[in-house]
Amino acid sequence: NAGVMQNPRHLVRRRGQEARLRCSPMKGHSHVYWYRQLPEEGLKFMVYLQKENIIDESGMPKERFSAEFPKEGPSILRIQQVVRGDSAAYFCASSPATGSNTEAFFGQGTRLTVV
Amino acid sequence: GDSVTQMEGPVTLSEEAFLTINCTYTATGYPSLFWYVQYPGEGLQLLLKATKADDKGSNKGFEATYRKETTSFHLEKGSVQVSDSAVYFCALADGSSNTGKLIFGQGTTLQVKP
């Protein structure tokens with residue numbers, strides 16, 4: 001059973017371009033979480049999705065950021081018109097169910113650099 | 001809102017030394033508590049967890065006890081190895097919303113020297 005797969009591992013974008021980050025959850029997992037890790041900081045929650053639904057997007061910036069988890073295919077975190085401050089590591093986690101006792105499994109992250 | 005505070009790093013120890021990384025939390029309700037480890041260039045791996053007061057989580061020689069009275073979940077290991085060098089994150093699962101959303105501390109870097 002493959003783990004959570006994120007791609008690309010590294011992504012370089014110029015200011016103003018779009019960044020698309022992909023996350024394939026573990027097999028059988030229908031709950032996906034996105035977190036952002038700024039340099040020298042802990043992870044900050046961004047969004048929680050189930051198949052075709054956004055459940056909690058309280059951590060998402062109001063502009064330029066969007067996320068989806070379609071019925072088929074990976075979850076996508078999309079950042080439009082990137083700025084230098086978007087440079088960070090973006091981690092995806094998946095779990096088989098919701099709830100505070102449920103373990104989340106993390107991918108290796110996508111490291112976005114905006115130049 | 002809920003929050004997690006960890007001791008600042010880096011923590012530098014010699015091999016076989018005793019390790020303590022302090023973690024305290026603020027939360028409504030009864031959160032579950034976790035320690036995650038991040039090796040360089042990698043994602044986070046769950047190290048141990050505890051779901052209720054007085055539970056002790058343990059794994060690979062690491063231990064942490066859920067202390068409700070002091071709202072703490074300190075990580076300990078009796079004898080560290082060079083391979084334990086990593087960043088350690090304390091986290092809680094938001095019990096009020098029950099979504100599984102995690103709130104992380106800022107991380108503590110551990111460096112173990114031979």
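These numbers were taken from a predicted model, which means no experiment stands behind them. Just so it is clear: chains get the letters A, B, ... in the order the sequence lines come, proteins before strands, and each one is counted from 1.
- Linking ILVMFWY side-chain heavy atoms closer than 4.5 Å, directly or via other members, places Leu21(A) and Val4(A) in two distinct hydrophobic clusters.
- If you chain together hydrophobic residues whose side chains sit under 4.5 Å apart, Leu46(B) and Tyr35(A) fall into the same group.
- Interface summary for chain B: among Ala93(A), Ala89(A), Gly42(A), the most heavy-atom pairs under 4.5 angstrom belong to Gly42(A).
- Residue Gln6(B): no heavy atom, backbone or side chain, is found under 4.5 Å from chain A.
- More than 12 heavy atoms of other residues, nucleotides or ligands lie within 6.0 Å of CD in Gln50(A), so this atom counts as buried by the packing criterion.
- Neither the backbone nor the side chain of Gln6(A) comes within contact range of chain B; no heavy atoms are under 4.5 Å apart.
- Relative to the six-membered ring of Tyr48(A), Lys101(B) misses at least one condition, a distance below 6.0 Å or an angle of at most 45° to the axis.
- When hydrophobic clusters are built by joining Ile, Leu, Val, Met, Phe, Trp and Tyr residues whose side-chain heavy atoms come closer than 4.5 Å, directly or via intermediates, Val82(A) is grouped together with Met60(A).
- Remark: Gln81(A) CD is loosely packed, at most 12 non-hydrogen atoms of other residues, nucleotides or ligands lying under 6.0 Å away.
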Trace of the side chain to side chain contact (heavy atoms under 4.5 Å, CB included) decision for Phe89(B) with Gln37(A): CA-CA 12 Å; Phe89(B) 292 96; Gln37(A) 183 180 31; 3.4 Å; yes
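- Under the 4.5 Å side-chain contact rule for hydrophobic residues, Met5(A) and Phe105(A) do not share a cluster.
- Chosen from Ile103(B), Val4(B), Val87(B), Leu44(B), the residue pairing most often with chain A at heavy-atom distances under 4.5 Å is Leu44(B).
- Against chain B, the residues from residues 106-115 of chain A that qualify, each with a non-hydrogen atom under 4.5 angstrom away, are Phe106(A), Gly107(A), Gln108(A), Arg111(A) in number order.
- Residue Gln38(B) comes nearest to Phe91(A) through the heavy atom pair NE2-CZ, 3.4 Å, listed as atom of the first residue, atom of the second, then distance.
- Residues that satisfy the side-chain contact (heavy atoms from CB on, under 4.5 Å) test with Leu13(B), not counting sequence neighbours, are Val11(B), Ala17(B), Leu19(B), Val80(B), Leu110(B).
- Heavy atoms from other residues, nucleotides or ligands lying under 6.0 Å from CD of Glu8(B) number 12 at most.
- Hydrophobic clustering (side-chain heavy atoms under 4.5 Å, transitive across Ile, Leu, Val, Met, Phe, Trp, Tyr) groups Ile54(A) together with Trp34(A).
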